[in-house]
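First listed ligand is number 1; within each ligand, the first listed atom is number 1. Counting from 1, the numbers follow the sequence of the chain as shown. Computation of the quantities below employed the complete heavy-atom set of this structure, encompassing side-chain atoms and omitting hydrogens, waters and symmetry-equivalent molecules.
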Amino acid sequence: MNHHFAIIEPLYQELSEIAGYLWERGWAELNAGNISIRLANVSEHTFQDLAISETFSLPAPIPALANEFVLITGTGRRMRQIAKQPKEHTMIVSVHSNATTYHIYYTSFGQQIKPTSELPTHLACHGVLKTNKPNYNTILHTHPSDLISFSHHPDMNNEELINKTLWKMHPETVVFAPTGMGFIPYQIPGNTVIANATIAKLATKNTILWQKHGAFAVGTSITQAFDVIDVLNKSAAMYLQCKAAGFEPTGLTEAEMSELMEVYKDFGK
Ligand SMILES: [Zn+2]
């Protein structure tokens with residue numbers, strides 16, 4: 001490996017760690033989930049020794065991503081593979097200055113792999129994030145089992161009720177996920193309806209529940225995106241545990257939640 005490329009080595013370590021957690025938790029069966037990270041402090045120079053692909057076209061121009069580099073997981077790759085060999089199962093997308101074409105840098109030093117089929121959605125989201133929330137450089141999609149089960153509850157079909165139900169299960173959910181989850185009713189995975197709804201939802205939410213499918217989170221790092229989903233998933237798990245035990249959880253009262261929000265209003269800012 002060349003020394004320029006070594007600058008992003010810590011990122012691969014973090015990717016490996018989080019991909020391992022996704023697998024261990026059972027949130028990444030088969031090739032479920034995908035991750036992408038917009039890279040900082042890199043240039044063509046950084047990747048000069050890597051093999052590159054032909055030029056591909058984006059479905060639509062993304063002006064904000066001109067000259068940007070995005071590390072992204074490969075299509076069909078398992079999180080358990082990414083945990084062991086992050087470079088072998090990911091690649092770097094280099095968007096050209098025209099914002100309409102890109103090529104891939106292969107970090108696998110051999111086998112040439114294709115990016116996740118969600119590449120257009122990831123890039124469109126990164127474009128919106130760079131413009132509106134520049135610190136948010138990471139996108140994580142995964143299948144958190146408890147949140148998915150929770151989304152099958154016949155009453156949990158609106159954002160307000162979903163968030164109240166999750167918040168009231170634990171004080172940390174109020175503190176660490178203060179904006180709660182966006183909710184998008186079931187759509188066929190990978191279609192443009194869910195992609196556009198997700199992009200629209202990013203205006204107000206950083207974590208989104210795709211009903212009967214999974215979670216989509218944007219974060220300031222892979223760890224941060226994972227942590228927020230983890231906290232929300234734990235609340236969903238505890239809610240389902242109480243229901244399975246045959247009682248409706250008491251939950252934090254409105255007054256207790258208001259008090260928490262007041263005390264921790266500057267937390268994480
Ligand atoms: Zn999925």
**OP:** For T253, check side chain to side chain donor-acceptor pair (under 3.5 Å) against everything at least two apart and list the hits.
**Re:** E256
Original post:
Would T173 and S235 count as having a side-chain donor-acceptor pair, cut-off 3.5 Å?
Top reply: yes
Original post:
Tell me, which pairs form a salt bridge (Lys or Arg N to Asp or Glu O under 4.0 Å) where one or both residues lie in residues 119-131, sequence neighbours left out?
Top reply: E68-K130
Original post:
What residues form a side chain to side chain donor-acceptor pair (under 3.5 Å) with T198, not counting sequence neighbours?
Top reply: W210
**OP:** Using 2.8 Å as the cut-off, count the protein N, O or S atoms closer than that to the Zn ion (ligand 1).
**Re:** 3
Subject >> H152 and F150 aromatic centres sub-6.0 Å >> reply: no
Original post:
Should E159 and K164 count as an ion pair when the cut-off is N to O under 4.0 Å?
Top reply: no
